[in-house]
Each structure stands twice: as structure tokens, then as C-alpha cells.
Amino acid sequence: MTSTTEPPATPQRTPYEPAYGFPRALWRGLARVPVPPPFSPRTWRSPLRGRWLTSVFGLVLLVGLPVVIVTGFLSWLAYGPQFGQAIPADVGYLRPPPLAWPTSPAWLYRLTQGLHVGLGLVLVPVILAKLWSVVPKLFAWPPVRSIAQLLERVSLLALVGGILFELVTGIMNIQYDYSFGFDFYTAHYWGAWVFVGGFVAHVVIKLPTMVRSLRRGGPGRWLHDGVEETEPEPADDEPGHSLVATSPSPPTMSRRTLLGAVAGGSALVGLLTIGTTVDALRPLALLSPRGRSYGTGPNDFQVNRTAFAAGIGPGVGDGWALVLRGGPAGGVRLDRAALAAMPQHTATLPIACVEGWSETRTWSGVRLRDLAARAGVPAPAAAVVASLERAGPFARATLQADQVLDPDSLLALRVGDDGGGPMADLSLDHGFPARVIVPALPGVHNTKWVGAIDFRDAQRSGAGPVRGGA
Ligand SMILES: Nc1nc2c(c(=O)[nH]1)N[C@H]1C(S)=C(S)[C@@H](COP(=O)(O)O)O[C@H]1N2
Ligand SMILES: [Mo]
């Protein structure tokens with residue numbers, strides 16, 4: 001009897017399944033299971049997905065994310081790890097190289113931290129778009145085909161989990177939302193290392209694919225297609241694990257529109273953020289938390305924590321006198337009149353917060369090095385500045401020798417705008433009766449409501465670590 005029935009199928013091994021034995025049997029078994037959405041490849045139908053599109057997002061992130069990573073670790077260094085005031089203080093072998101944070105250029109921390117927060121925010125739309133472009137892989141079925149691929153998928157856990165953790169905690173921090181209940185700085189630091197591990201592994205594994213895909217899709221190939229011409233990329237070599245839809249729906253937008261929308265999203269985030277670092281564009285900083293009016297005249301600039309929140313009352317100046325310690329002759333007390341009678345120095349310096357915002361002001365007051373000399377410690381190894389706010393993370397900050405001795409490092413009494421306008425006494429919120437301002441120092445260590453400064457001699461013992469704060 002002749003028959004048109006095909007001979008019983010002897011399955012041919014395809015290049016993407018395991019070569020032999022149990023893994024192959026398991027793979028074939030799993031591949032035959034009719035899986036429901038989202039595991040079925042038919043779930044993912046956008047005709048735009050494919051290696052070229054993913055590679056475009058990948059290239060942007062390959063350039064941008066290292067800047068965010070490096071500036072993040074620089075911030076840890078700027079906090080003064082040698083005094084135990086970087087957070088977390090003890091990081092064992094996962095310690096960035098021991099570079100001393102300089103006092104010049106004065107805008108250094110403003111730049112590095114503005115980039116860390118600003119670029120991190122601007123990349124959010126690109127990161128979301130890249131995750132969208134690869135989401136079919138999350139549900140690929142069968143889930144793994146080799147040990148190598150299993151390892152690759154584990155590295156993706158560090159990559160994707162790490163970046164989402166860093167973004168969510170970072171954004172909650174700049175919005176003053178601490179509902180996660182753990183220490184932000186400690187978690188963000190360790191999360192960064194998890195992410196860096198995943199990122200490095202991913203770049204090593206995927207760089208050749210990215211380069212090949214970008215070449216294949218060269219300029220003009222897919223970028224210039226309008227919506228009618230938009231077709232799926234040719235299927236790549238991994239059916240079941242491919243980014244290209246097996247049953248694509250008709251295009252509703254072109255690749256160029258999608259890329260434009262993502263770029264537009266980034267530009268919008270950038271526009272709403274740039275005002276937190278560029279003084280002249282301040283009114284645009286609509287994503288900045290809390291109000292945008294902080295006082296009158298030159299005192300109208302961002303306040304991190306108000307006097308009220310710090311428990312400092314309006315009577316703080318009554319009977320106030322600065323105490324200088326560390327000299328051979330014991331403590332020295334200087335009231336505001338005595339400070340005002342010392343040589344006054346003026347410096348135009350930014351105050352730059354770890355949360356990314358910064359603002360330039362003209363400050364005047366007494367040089368810290370003059371106060372060191374007055375205390376009897378003209379060449380201090382360090383100085384511990386204590387706030388009238390005696391408890392909490394802002395109570396004290398330790399400054400390096402060069403941060404004390406820089407001619408622009410001041411105990412400021414007065415503040416002006418950045419354009420040579422009139423000066424006014426510091427407002428209560430900005431640290432009246434006196435505050436520290438040091439070039440390139442992270443905002444947090446520019447202590448407000450200063451009560452005492454302890455100048456530490458190189459010889460004198462007890463100059464040990466002092467825990468600083470946020
Ligand atoms: N005593 C004390 N000093 C402080 C703070 C504080 O809360 N208490 N905040 C710090 C932080 S985090 C920053 S960014 C700057 C902000 O200074 P400003 O509020 O005058 O802008 O002050 C720093 N000095
Ligand atoms: Mo800050």
C-alpha cells in the first residue's frame with residue numbers, strides 16, 4: 001500500500017539544543033510542553049524587537065553607565081574613608097583605590113555628583129526601553145540549554161536586579177523617601193558592586209553580538225524605515241530564545257519613532273533635572289522635592305535640612321561662642337563679634353549635595369587656617385567640626401589637613417548671591433551663627449550651626465576615626 005504519510009520523524013538536532021544525552025532529552029521534552037503565555041513565544045509580537053534595536057540601547061548604556069558607576073565610587077571616596085566617614089565605613093577588599101579627595105577644582109564634587117544623579121536619571125528611559133526590548137528572553141522556553149547559558153542567566157540576575165535596585169533606592173533617596181527601612185548608603189554601595197559584577201559579565205559576553213548587530217543594521221538600514229516599511233529584523237540563530245517575534249503583529253510605529261520617543265523621554269528628564277545643578281535654570285527643576293523657596297535675598301537657595309528639623313531654635317545665637325580646641329594652651333572661645341573682628345575672606349564656592357543638587361554662593365567669614373593658628377595648631381593633621389546639633393549623622397565632620405588649610409576654606413558668617421550682590425548674615429536655615437564651607441567638599445560635611453572645632457595635631461593621639469553622616 002502506498003502512503004503519503006511521512007516516515008516517523010527522526011528529530012534532527014538543531015544547533016541551539018544540547019548535543020547529547022540527558023540534557024538533550026530534557027530539552028526536547030520541555031520544548032514539546034505546550035506552554036501558556038508569557039512563556040509561549042507567540043506572546044511577544046512587536047515587530048520592532050530584535051538584536052539591532054537592543055544593541056542601540058545597549059551602546060548608549062555602555063557609554064553612559066560607566067560614568068554613573070565611577071562617579072558613584074568617587075562620591076564614596078569624597079566622604080573621607082580615612083576618617084571612617086564614608087558609608088559604609090568598612091568595605092574590606094571592595095574598596096575603591098585610596099585617592100585623596102582634593103580641594104581643587106572647587107566644582108569637582110558638583111560635577112561628579114551632578115553627573116552621578118543627573119545622568120543616572122536621564123538613562124532611566126533607556127534602561128526601561130532596553131528591558132522592554134529583551135523581555136521575551138525572560139520567559140524563553142525551555143529556560144536553559146547549557147551550563148554556559150545558565151551562568152549567563154545568573155549574571156543577568158545581578159545585572160537587571162542590580163540596576164533596578166540602584167535606580168529605585170537612588171531615586172527614593174533624592175526624593176527623601178526612606179520607606180525601605182534600611183540604610184540607603186550601605187545598600188546602594190553593595191548594590192553597586194552586585195550591579196558592576198553583572199555589568200562586566202554582560203559586556204564581556206555580549207559585546208561581540210552588539211558590534212555585529214550594529215554593523216548589520218548599519219546606518220540607514222532600519223533607522224530610516226517609516227512605519228509602513230517597518231518589518232521585523234531577520235530571525236537570529238536562536239529560535240525559542242530569539243528577540244524577533246515569531247508571529248509579529250503589524251507595526252504601529254517605526255523604529256525611528258520608538259528611538260525618538262525614548263530619546264525625548266531622556267531629554268525631558270534631563271530638562272527637569274538640569275536646574276538642580278545649573279543655577280540659572282533652577283525654575284525648571286520641577287522634579288526637585290520640597291518647596292523651591294528657601295529664604296530671602298542671598299539666603300534663598302536650597303536647604304537640605306531646616307533649623308526646625310534639626311531642633312535649632314531662633315535663639316541659637318544668644319550667648320553663642322565658637323570653641324576652638326586642640327592647642328597647647330587649651331580651649332579658645334570666640335563670639336560672633338570676635339570672629340567678625342578677625343580678617344574676613346570672601347570666596348565664591350558651590351555647595352554640592354550627594355543628592356545631586358548644587359548651588360553657587362559667595363561666602364564670607366574667617367579662614368579655617370586662621371582659626372587653626374588662633375587655636376595654636378597652625379599645621380593640623382585634621383579638624384573635627386562639631387555642630388550645635390549634638391546627635392545624629394550631621395553632628396560632626398572630620399576635615400583633611402588640606403581642607404582646613406585651603407585659603408578658600410571658611411567658617412562663613414555671611415552669604416551673598418553668585419554675582420557680587422549684597423551680602424547678608426547667614427539665615428538660621430543655612431547655619432547661623434556660623435557654618436563651614438570648603439571647596440569641593442561634599443555638602444554634608446559643610447557643617448551648619450558650628451559649635452566647636454577641634455584641630456588635631458599630627459603627633460597628638462586620639463585623632464582616630466569619627467563617624468560622619470549622610
Ligand atoms: N548641622 C548640620 N549641618 C549640615 C546639615 C545638617 O542637617 N545639619 N546638612 C548638610 C547637608 S546634607 C548639606 S547638602 C548642606 C546643605 O546646606 P544648606 O542647607 O545650607 O544648603 O549642609 C550640610 N550641613
Ligand atoms: Mo547633602
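Every heavy atom of this structure was used, including side-chain atoms; hydrogens, water molecules and symmetry mates were not. In each ligand, atom 1 is the first atom listed, and ligand 1 is the first ligand listed.
- In this structure, the side chain of Arg414 does not engage the main chain of Leu426 through any donor-acceptor pair within 3.5 Å.
- Residue contacts with ligand 1 for Glu389 involve side-chain atoms from C-beta outward but no N, CA, C or O (heavy atoms, distance under 4.0 Å).
- In summary, the aromatic rings of His430 and Phe301 are positioned with their centroids under 6.0 Å apart.
- Heavy-atom contacts of Ser387 reach the following atoms of ligand 1: 1 (N) (cutoff under 4.0 Å).
- The ligand atoms of ligand 1 that sit less than 4.0 angstrom from a heavy atom of Gln302 are 18 (P), 19 (O), 21 (O).
- Contact annotation: His445 has no heavy atom less than 4.0 Å from any atom of ligand 1.
- In this structure, Trp193 has its ring center under 6.0 Å from that of Phe73.
- Atoms of ligand 1 lying under 4.0 Å from any heavy atom of Cys353, numbered from 1 in the order shown and given with element: 14 (S).
- If you look at His445 and Tyr79, their ring centroids are closer than 6.0 Å.
- Two residues are said to be in side-chain contact when any heavy atoms from C-beta on lie closer than 4.5 Å; Val450 and Leu388 fail this criterion.
- Around atom 19 (O) of ligand 1, the closest heavy atom drawn from His430, Arg305, Lys448 belongs to Lys448.
- Annotation for Ser266 and Val126: closest pair OG-CG2, 3.6 Å, computed over non-hydrogen atoms.
- Under 4.0 angstrom from ligand 1, there are no non-hydrogen atoms of Tyr294.
- Ligand-side atoms of ligand 1 in range of Asn446: 22 (O), 23 (C), 24 (N), range being under 4.0 angstrom from any heavy atom.
- Considering Phe394, Trp449, Trp357 only, the shortest heavy-atom separation from atom 5 (C) of ligand 1 involves Phe394.
- Taking the ring centre of Trp76 as origin, the terminal cationic atom of Arg95 falls outside the region bounded by 6.0 Å and 45° from the ring axis.
- With a 4.0 Å cut-off on non-hydrogen atoms, Ile351 touches ligand 1 through its side chain and not its backbone.
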